[in-house]
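Reading through the structure tokens given below for one structure.
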Amino acid sequence: MTHTSRAARRVDVCVPAKINLFLAVRGVRDDGYHELVTVLQTVSLRDRVSASLEGDLPFDQHPSVRRRMRISLDHDGTPGVPDGGDNLVVRAAALLGERLGMSAVEAVAQAARVQTTRLAISKTIPVAGGMAGGSADAAGALVALNLLWGGGLDVDELRELGSQLGSDVPFCLAGGTALATGRGTAVAQVLCRGAFHWAVGRPDGHLSTPEVYQAWDAHERPSTMEPDAILAALSTGDAEALGAALVNDLQPAALRLRPDLADGLDALRGGGALGAVVSGSGPTVLGLARSADHAVELADAVAEVLGRSQVASSPAGGPELLR
Ligand code: C5P
């Protein structure tokens with residue numbers, strides 16, 4: 001029997017950002033993470049992750065070639081995007097490669113017969129902005145490389161690997177609208193009707209998620225709040241009720257570190273937002289609009305005080321294959 005099909009030599013995946021419509025911190029866990037109850041939704045800001053095999057080694061024909069793999073990373077120069085092994089996509093590649101029996105080799109490997117997988121990221125999601133940009137990229141890399149390398153892992157297996165990379169990665173692999181508990185990695189889809197329109201305020205600078213959690217530790221108390229109002233608003237598609245029910249227990253901690261974000265929230269509220277909230281650990285701020293046109297107005301208002309803004313709609317799906 002002859003084998004005629006060749007594996008893909010390039011896979012491109014689009015991955016959406018996430019927002020937390022509800023985020024309650026229940027306390028600190030034994031492993032040092034915080035126990036969360038959170039409702040997440042993907043929004044229409046997307047990064048693109050590409051994975052390609054370089055050179056003309058017969059990757060798909062000779063299993064020995066895939067035992068060692070050189071990984072390289074390019075990105076579009078967006079400030080703050082980590083290089084090399086500091087980037088979650090490279091860590092995703094190493095983790096998946098290890099799971100598939102490959103070993104990653106450094107760029108200056110002596111052996112000529114080492115295949116190179118080139119990863120490239122093109123960013124739209126704010127970097128370290130509280131919208132899971134790094135986690136979305138890691139989810140995209142897992143999906144792309146599982147296909148490129150013929151890994152054959154199913155969604156549950158990818159999700160398990162994803163949880164080792166970051167708390168938001170399992171949700172980013174699924175997308176849509178979900179309730180997550182534990183570290184944020186136990187994810188169950190929930191009903192969402194309709195679409196929502198957002199202004200996304202993007203101040204300069206980043207916030208470190210561990211530092212925001214440390215500020216929460218120092219100044220905040222565990223919350224017992226339940227997400228019932230959010231889940232009800234989502235199930236009926238009621239934007240007004242959704243806006244009134246937005247909750248983020250990390251917001252006071254983020255505002256301690258970045259008091260200027262309060263001006264962004266005020267601008268959104270002053271512009272008639274149905275609700276305004278810091279996104280995750282910040283510093284991105286979100287305003288829920290009454291319509292797509294209203295989102296543009298709110299985006300202008302928040303850009304005046306925070307510098308930059310975008311509009312987005314939700315929910316978006318999960319990672320999407322482009323080729
Ligand atoms: O899981 P991830 O690596 O994305 O988390 C980044 C940091 O955020 C952790 O190192 C931890 O400080 C904090 N974190 C937490 N509890 C969570 C999720 C994140 O304390 N549930």
Side-chain angles (χ1 to χ4, degrees), residues 15-42 47 49 80-82 84-96 121 123 125-142 158-175 178-188 205-227 247-258 277-284 318-319:
V15 277
K18 65 90 205 191
I19 56 178
N20 300 82
L21 303 171
F22 177 92
L23 191 161
V25 184
R26 294 285 193 248
V28 186
R29 298 153 46 111
D30 291 343
D31 62 7
Y33 282 86
H34 292 73
E35 185 72 16
L36 305 180
V37 175
T38 182
V39 178
L40 302 130
Q41 187 160 67
T42 43
D47 286 355
V49 179
V81 177
D86 292 334
N87 194 299
L88 266 190
V89 301
V90 175
R91 290 176 43 207
L95 191 65
L96 178 65
I121 312 173
K123 298 287 303 175
I125 306 173
V127 178
M131 298 187 80
S135 299
D137 296 350
L142 289 176
L158 290 181
R159 203 174 289 157
E160 201 288 312
L161 288 180
S163 69
Q164 297 178 44
L165 295 164
S167 304
D168 286 328
V169 181
F171 171 68
C172 290
L173 282 163
L179 175 67
T181 54
R183 262 173 66 203
T185 55
V187 175
H206 307 139
L207 266 179
S208 142
T209 303
E211 283 175 22
V212 173
Y213 275 104
Q214 280 160 20
W216 183 92
D217 291 341
H219 301 284
E220 307 299 326
R221 293 279 162 273
S223 140
T224 54
M225 208 167 170
E226 298 291 348
V247 166
N248 181 2
D249 281 355
L250 293 178
Q251 181 165 306
L255 289 174
R256 269 178 193 280
L257 299 171
R258 288 289 304 261
V277 75
V278 169
S279 178
S281 57
T284 303

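Indexing begins at 1, ligand by ligand and atom by atom, following the structure's order. Sequential numbering from 1 along the given sequence is applied to the chain's residues. Keep in mind it's a predicted model, so treat the numbers as computed, not measured.
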Which part of Y33 is near ligand 1, with near meaning a heavy atom under 4.0 Å away: side chain, backbone, both or neither?
both

Partner of P319 by side-chain contact (heavy atoms from CB on, under 4.5 Å), out of L158, V15, L142:
V15

Which protein non-hydrogen atom lies closest to atom 13 (C) of ligand 1, naming both residue and atom, and how far is it?
Y213 CD1, 3.3 Å

Is there any N or O on D168 that sits under 3.5 Å from an N or O of ligand 1?
no

Can you confirm whether L40 sits close enough to L23 that some side-chain heavy atom of one is under 4.5 Å from a side-chain heavy atom of the other?
no

Begin with the C-alpha distance, continue with both residues' side-chain angles, and end with the deciding distance and a verdict on side-chain hydrogen bond (donor to acceptor under 3.5 Å, both in side chains) for S279 and T284.
CA-CA 6 Å; S279 178; T284 303; 5.6 Å; no

Taking only non-hydrogen atoms of L36, do any sit less than 4.0 angstrom from ligand 1?
yes

Who gets closest to atom 16 (N) of ligand 1 by heavy atom: R183, H34, R29, E35?
H34

As an exercise, state the distance from CZ of R183 to OG1 of T185, rounded to the nearest 0.5 Å.
5.0 Å

Give the single entry among V212, D217, L23, T209 that approaches atom 6 (C) of ligand 1 most closely by any heavy atom.
T209

What distance separates R256 CZ from E211 CD, expressed to the nearest 0.5 Å?
14.5 Å

In this structure, atom 18 (C) of ligand 1 is nearest to the protein heavy atom S167 OG, 3.5 Å

CA sep, side-chain torsions, deciding dist, call: E220, D249, side-chain contact (heavy atoms from CB on, under 4.5 Å):
CA-CA 9 Å; E220 307 299 326; D249 281 355; over 6 Å; no

